[in-house]
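Below is one structure, written out as structure tokens, with a few remarks after it.
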Protein chains: 2
Amino acid sequence: MSLSEDLKSEENESSSELDLTSPISRAFHVLDVVAGFGGPARFADVQKASPLPKATLSRMLRQLEGEGMLIFDEGSQRYRLGLRLIRLAHAAWESASLVEVARPVIDALAERFGMTVHLACLDAFQVLYLDKRVPRPIIRMFSSPGRIGPAYCTGVGKAMLAFLPDRDREEAIARQSFTRHTPHTLTTPEALRAVLATIRERGFAFDDEEHENTIICVAVPILAPGGAVLGALSVTTTTHVSSLDALAAMAPVLKGAAADIATAARMQMLG
Amino acid sequence: MSLSEDLKSEENESSSELDLTSPISRAFHVLDVVAGFGGPARFADVQKASPLPKATLSRMLRQLEGEGMLIFDEGSQRYRLGLRLIRLAHAAWESASLVEVARPVIDALAERFGMTVHLACLDAFQVLYLDKRVPRPIIRMFSSPGRIGPAYCTGVGKAMLAFLPDRDREEAIARQSFTRHTPHTLTTPEALRAVLATIRERGFAFDDEEHENTIICVAVPILAPGGAVLGALSVTTTTHVSSLDALAAMAPVLKGAAADIATAARMQMLG
DNA sequence: ACTTGCAGTTCCATTCAATGGAACTTAGTT
DNA sequence: AACTAAGTTCCATTGAATGGAACTGCAAGT
């Protein structure tokens, strides 16, 4: 814990009067404020931390929400950073010049010494950590987060589609590309609709080599108490080491895990 | 490889005529284009992928660079996503509601089944992966990347400061907060300057419990052939399991690793 | 050496998006 | 019911952003 959690940003913002003339500066400033707040921020929180007038902030926040850079949670009346930012994030991190080339070196060091390895660079006279390797497997990571994938031919995608409200589900189906990736890929809306019905009954989804040969997975949706689709969870393996039957046997555990996450998410909303 | 690398975004952009009226929409659009390009993009690359007129793009790109959202590499005359985005990224990911609460559940599942576990949500009718756990330790991660830390009391920070050009170094020193974190923290510019001189001679830096008690590390700068500071690399441990002497013994290996990274980075620039 | 073409920047008059003070709505409080 | 706080909408004003065109710099072709 201490080894990995000791990196909180502590030093003050370089503060010196930001410009905030152009709308673009203002937009990023607002994002910084929301990000800096740590958790979901109310309008007033943002206002307190920003010199911008109320009217301007109000419009800016809603515009940023429209852009997908912020998410406004109706329930808690709070803004948090949006998914579009995570996508950009991923791309930024991937293209951070050192990250890519340093990866194998960092792996080797971590293994050789059995200790935590950091890669950093300087940004505005502070240390910006770019990568980290710890010897034990613990850990969240960022190789997938930020990536996007097709919904119609992945386990998590189908698990979520299946439990969408009818209206949304049809719109989502209409937006799928139905590109064939493997012989098993579902390539028509009808086929997908049928599979989704099965998933809805069964409560979990498979990916039976639909996206990539030999890759199979079982996935469950994470559903809010009201039934809203929060996300999905999957366990992936290959046909070489396991089978759909074996994966199906895991489904109950996965469902329990999804329920746990939904509960925890609910707690977080209230807390 | 196939299990972790199968997530390239393949489906086309939802394409449908973006608005691009407000400057803010345009700004994010440009970021998306640069991000979508994969690697560093030249002006012409961006122009080809965007309906915006040359003049507008030119200004926009430079403004985004000024904001720190893009980095313009003089050498290759290319734009890539900036470090500010990585900072925001980190905050966005941390605050993605599911990530936090799902973490322990994902850990447990990965361990229990010994298989890859994914957490995803739906974004614009596609799957957006939020987290992933693989049973084996491999892996890049994103718990530190994006975090910022003080330069004057971390190994990587001091390693980089030490090798900055005099002018930059003095400015950087002037910008440090010199907040005391532990009894060992350097709290004056003079003390730091002295230590940096030692580091410059010796070629590597220690963090001798200066940021957090019992945490020690050894760090080396990553220097470009011309001497420019590209970044830094560190190995961290605790006083309970190791010592500065033991860390010092690793310095030559670290230096070699840093040199490898610098070389690889150089290759990448040319290629 | 001269020319042509391409890549990118600067100019500047025009315009429309952004602005912000104030009025207004909504929700919560005494 | 009156009051306070939180947030949104209004609208006349303004200046930031715009983009066509002219300009610069560079590299390849003749």
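Predicted, not measured: the structure shown is a model, and the values here were computed from it.
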Next on the checklist: Can you classify the ring geometry of B:His181 versus B:His211 as parallel (below 30°), tilted (30 to 60°) or perpendicular (above 60°)?
Outcome noted: perpendicular
Checklist entry - So which one's nearest nucleotide on DNA chain D is more toward 5', A:Thr21 or A:Phe43? => result A:Phe43
Next on the checklist: Side-chain N or O of A:Thr56 versus OP1/OP2 of C:dG20: is the shortest distance under 4.0 Å?
Outcome noted: yes
Checklist outcome for this item: Whole-Å distance, A:Gln47 CD to D:dA5 C1', equals 11 Å
Checklist entry - Taking CG from A:Leu57 and P from D:dT8, how many angstroms apart are they, rounded to a whole number? => result 10 Å
Checklist entry - Parallel under 30°, tilted from 30 to 60°, perpendicular over 60°: which one fits the rings of A:Phe28 and B:Phe28? => result perpendicular
Item to check | Distance in angstrom units between A:Met60 CE and C:dT19 P, rounded | outcome: 5 Å
Checklist entry - To the nearest Å, how far apart are A:Lys48 NZ and D:dG7 C1'? => result 14 Å
Checklist entry - How many Å lie between CZ on B:Arg59 and P on D:dG20, as a whole number? => result 11 Å
Next on the checklist: Is there a side-chain contact between A:Arg26 and the phosphate of C:dG20, meaning an N or O under 4.0 Å from OP1 or OP2?
Outcome noted: yes
Item to check | Protein-nucleotide distance (B:Ile24, atom CD1; C:dA18, atom C1'), rounded to Å | outcome: 9 Å
Checklist outcome for this item: Taking C:dT10, D:dA17, D:dG7 as options, the one with an atom nearest any side-chain atom of B:Ala55 is C:dT10
Item to check | Atom pair distance, as rounded to whole Å: NE2 in A:His29 and P in C:dT19 | outcome: 12 Å
Item to check | Side-chain N,O (B:Ser58) to OP1/OP2 (C:dG8) below 4.0 Å | outcome: no
Next on the checklist: Whether A:Arg167 and A:Glu171 form a salt bridge (side-chain N of Lys/Arg under 4.0 Å from carboxylate O of Asp/Glu) is what I want to check.
Outcome noted: no
Checklist entry - Quick one: is C:dT10 close enough that its OP1 or OP2 comes under 4.0 Å of any side-chain N or O from B:Arg62? => result yes
Next on the checklist: Strictly below 4.0 Å: does B:Ser22 bring a side-chain N or O up to OP1 or OP2 of C:dA18?
Outcome noted: yes
Next on the checklist: Under 4.0 Å, counting only non-hydrogen atoms across every strand here, what does A:Ala44 touch: a base, just sugar-phosphate, or nothing?
Outcome noted: sugar-phosphate
Checklist entry - Would you say A:Ser58's side chain and A:Lys54's backbone share a donor-acceptor pair under 3.5 angstrom? => result no
Checklist entry - Over how many whole Å does the gap from A:Lys54 atom NZ to D:dA6 atom P extend? => result 9 Å
Checklist outcome for this item: Taking for B:Gln63 and for A:Tyr79 the nucleotide of DNA chain D with the nearest heavy atom, the one nearer the 5' end belongs to A:Tyr79
Next on the checklist: Is it the case that the side chain of B:Arg80 and the backbone of B:Ile71 share a donor-acceptor pair, with hydrogens and angles ignored and the cut-off at 3.5 Å?
Outcome noted: no
